[in-house]
**Student:** 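First the structure, then my questions, so here it is.
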Amino acid sequence: MSIISIGLTVYDLRQQSINLHNLVKEHNKVQVTVWTKNEGGHRSESCHLVPGDVLLLEGQRLSLPCDAILLDGSCVVDEGMLTGESVPVTKTPLPQADNVQPWKKHSLEDHRRHVLFCGTEVIQTRPSGKGPVRAVVLQTGFNTAKGDLVRSILYPKPMNFRLYKEAFFFIVGLVIIGLIGLVYAVAVFGSQGRSASETVTMALLLLTAAVPPAIPAALTTGIVYAQRRLKRKKIFCISPQRINICGQINLVCFDKTGTLTEDGLDLWGAIPCQERSFLPLHSFSSGPLPWGPLCQAMATCHSLLFLEGKIQGDPMDLKMFEGTGWEMQEASSEEKETGETEAFTIVKPGATASQAPSEGMSILHQFPFSSSLLRMSVVTKELGKDTHGLYMKGAPETVASFCQPRTVPSSFQAELKSFTAQGFRVIALAHKALSLDAGHSLRDLDRDKVESGLTFLGLLVMENRLKGETRPVLEELREARIRTVMVTGDNLETAITVGRNSGMIPSGDRVILVEASDPEDPHPASVTWQTVEDTQPCKEKNQDSCIIIDGSSINSTSFHFAMNGKTFQVLQKYFSPLLPKILVNGTVFARMSPGQKSSLVEEFQKLNYFVGMCGDGANDCGALKMAHAGISLSEQEASVASPFTSQTPNIQCVPELIREGRASLVSSFAVFKYLAIYGLTQFFGTALLYWQLQIFGNFQYFTQDVCITLVVCLTMSLTEAYPKLAPYRPAGRLLSPPLMLSVFLNVCFTLAVQIFAFRFVRHQPWYSPIRSHRGCPLGNQPFLLDNGTGNATEPEDMVLSYEDTSLWAIVTFYCIIVAFVFSKGKPFRKPIYTNYIFSISLCIQLGLSLFLFFADIEAIYKGLMLICTPTIWRIYILIMVLVKFVVSFFVEDAILQNHRLWLWIKALFRFRSSSTYRMLQRQLQRDPSWPPLNQRDFAEDRKGEAYVNPVFENSEGD
């Protein structure tokens, strides 16, 4: 076992990402440079950290490159990059570090208080003996807490961008049409005896006309503009391809604390206890808590630290301490005769504190909070006196169990239930006087012995307020038929109450608590179902509604499942066929670990949901990365893994992102359709001219390609998102029936008009195959040039013809018509007139096209290689174009974009969605036994399927 000193080193894993990729993936080791002290000063050496190495933490401000378990001494840990600890936390030594249990057997979850996680920045170390603070390396590289997250970022689950895959198939279809045109061109020009070079050139030209080169870029124009609009709204994106996917989101998972609710907790009130009865509630809005044992407990029983001139630590502890009006000083330390060093923190009454007959108190020792113990304690000493005391805080039931029964009020359970059922967080406090001998080491105190026979002091009530934007946003999402789910690490009862108060669980809907347990011999794994009664008014004034467990049946069809992380894990393992059915109606998921959050998002995706995830903490990083659209409300750890980051710390960014995603998706499809139709329109026009060995002129192509099409493609997507979310999503597939019909029908319309004009112009009395710029023909006579013998002397031209002039006008005007038709506004985009640049450019293009067509200016005609036609024929062309516009607009707006019509067609042909969650919903609606009520189901040993035990009776003990 090697001894490595890293006391003077600051590691930055962000600068070692290549090192992680090359070394850790294969060898599970991370190469680091270590600075050690020697007589000559400092020297550096390279080494490999492996599990089992001992780290000597001698200095301050160092970042750990590994997960390590603390053996002795203590460390003050600051926020590290991607560590999951957002505030400084005191790490304490592993209890009974010298026992026979190997260090490898210690679980990171069970001993989180004693583990220094990779990437954590250690601010201070406090040795307990003469030597430095020691820690044993548990994990390195990708196996660490930070490395696991880095691996999920470097090697994310592949995201299937179906849109781009379908675009490829669509382009392949256009290529096939182009190849048919190529064969057609070769046949026409070859049969007329044209040279091989000319034939090949014309064939390739027709091939490229069918596939506009700007089609791949069409899917990105909407994304680029949407990303710019999001940036103006302080929403930043590092994965632009996901913006279009946001338009398909139909389920959003929300973290609770800091996302739906305010960060941390706020003091609501305190209920002191005296002579086994509760005193009137003290509201902190009226001032600090009066001096007394309860005030002393609040001022001392915490894990706060005074670092760098400010108090740091758990936000809940900080709120509790601020409610007393006391102040904290720098920690002091003293060295005993045994050589051990003991440090303590001093708290004193501040200027805003209630008058107190005390100079202050020193916190000598701390028994840290543990999620398994549900309590913490501190040993204190009053300044200027030789009296010691122990103060405890924690879960009310836990604290009450350590108190003398004669000090606990008889109404304890009723008082506690009245607050916890409303979503308040209730903490109990207790006290005990201690007698400590002089020179007694605090490290030798037996926690189980000193934490007994306490006096109950009272209850501290804290609330987690909803953010002002939460309820309106959730209401907006519900009206848009976007499902919302809460995924939180908080307790289940509080999560249900927040769900009701926020509107995530609508009034009148019922909640079913799902609780699953692991198998215990001889019983297999089981899952129980309990209903939750509707909201009822409480007796307390200005309080929310109460929630109690009820055994009644569900009368309404709207219900929601609620469960904790342990239940979710058991369902995944032993009830895999049952889990999808629960997720279809699962709304509240509490006590979820970071890994369980990621798994939940993945399970929703398996049901064919498009999942959005909104969170603000490092614990949400995995879920933010896994979701189709992860939205971080923090610029710290979560923003590294999340595709989207909002600088506005509330959930208003969620509907904003969905709106922009829908607008971007619709704009991308509109530009894609426009380019496809333009390419095919030009393709068929060119093919008709090939029939008589002609082609559009260079400047004719230029006006269509650059002056019209390029401008349209660059400005069409500038239309902003419609401010209100529609109750349905836009088509998410490029090969969907409405989109394919739109392309097919518009191509048929323009092809029919082009063929009609091509043939109809030949039957005009003034028509002549001779091509010339010299004047316009008379209305009933052809325009011929001859040398007196009646033979034409004008040479044949590949561009000049009445057919070319007519088809050019039709194609040019249709390019403008289709741009207008495809710029539909509501329900996903604002009206076309709000896009000023696009609207003005269309008007200019239409005006210039009309001017060129009706100008009768010979210089323009020569430049564009057009022939002057009679005015009546130009009016005919204009009528054809107007008819085509009316037909295209009617078909696109009244049929293809008519959502109600398509719903009627689906119902008529009994079309059903193939999404897994839709099929499950239809299946469960026909099941009279769903949802299960007040029963227990057991998993079969091998298949993991469940069967119902009808003998089971619901009781309080289950």
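All values reported here derive from a predicted model rather than from experimental measurement.
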**Student:** Under the ring pair (Phe, Tyr, Trp, His ring centres under 6.0 Å) rule, what pairs show up with a residue in residues 713-750, not counting sequence neighbours?
**Tutor:** Y728-F828, Y728-H899
**Student:** Go through the steps for S667 and R829 under the test side chain to side chain donor-acceptor pair (under 3.5 Å), then give the verdict.
**Tutor:** CA-CA 9 Å; S667 297; R829 292 184 295 178; 3.2 Å; yes
**Student:** Examine the side chains of D804 and Q700 and answer whether a donor and an acceptor come within less than 3.5 Å of each other.
**Tutor:**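 Yes - a donor-acceptor pair under 3.5 Å links their side chains.
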**Student:** Counting only N and O atoms by type, is there a donor-acceptor contact under 3.5 Å from the side chain of T221 to the main-chain atoms of L714?
**Tutor:** no
**Student:** Can any side-chain N or O of S849 pair as donor or acceptor with the backbone N or O of F813 at less than 3.5 Å?
**Tutor:**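 Not a single qualifying donor-acceptor pair exists.
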**Student:** Cation-pi check, K231 to F236: give yes when NZ or CZ is under 6.0 Å from the six-membered ring centre and within 45° of the ring axis, no otherwise.
**Tutor:**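 Not satisfied by the 6.0 Å and 45° rule.
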**Student:** Mind listing the closest non-hydrogen atom pair of I677 and S742 along with its distance?
**Tutor:**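 For I677 versus S742, the nearest heavy atoms are CD1-O, 4.1 Å.
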**Student:** Contact between I658 and L477 at the side-chain level, heavy atoms closer than 4.5 Å - yes or no?
**Tutor:** yes
**Student:** Is there a donor-acceptor pair closer than 3.5 Å between any side-chain N or O of Q227 and the backbone N or O of P240?
**Tutor:** no
**Student:** Just checking, any donor-acceptor pair under 3.5 angstrom between side chains of N835 and T719?
**Tutor:**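 The answer is yes; a qualifying pair exists.
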**Student:** Considering non-hydrogen atoms only, spot the tightest contact between V611 and C253 and give its length.
**Tutor:** CG1-SG, 4.1 Å
**Student:** Is the shortest heavy-atom distance from the side chain of M716 to the side chain of S823 under 4.5 Å?
**Tutor:** yes
**Student:** Under the rule for salt bridge (Lys or Arg N to Asp or Glu O under 4.0 Å), what residues qualify as partners of R659, not counting sequence neighbours?
**Tutor:**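 With neighbours one apart ignored, the set is E476, E656.
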**Student:** State, with a plain yes or no, whether a side-chain heavy atom of F822 is found less than 4.5 Å away from one of N746.
**Tutor:** yes
**Student:** Identify which one of W766, W873, F760, F758 satisfies the ring-ring contact (aromatic ring centres under 6.0 Å, His included) criterion when paired with Y802.
**Tutor:**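 By the ring-ring contact (aromatic ring centres under 6.0 Å, His included) criterion, Y802 pairs with just one of W766, W873, F760, F758: W766.
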**Student:** Mark yes or no for whether R762, through its side chain, and Y767, through its backbone, hold a donor-acceptor pair below 3.5 Å.
**Tutor:** no
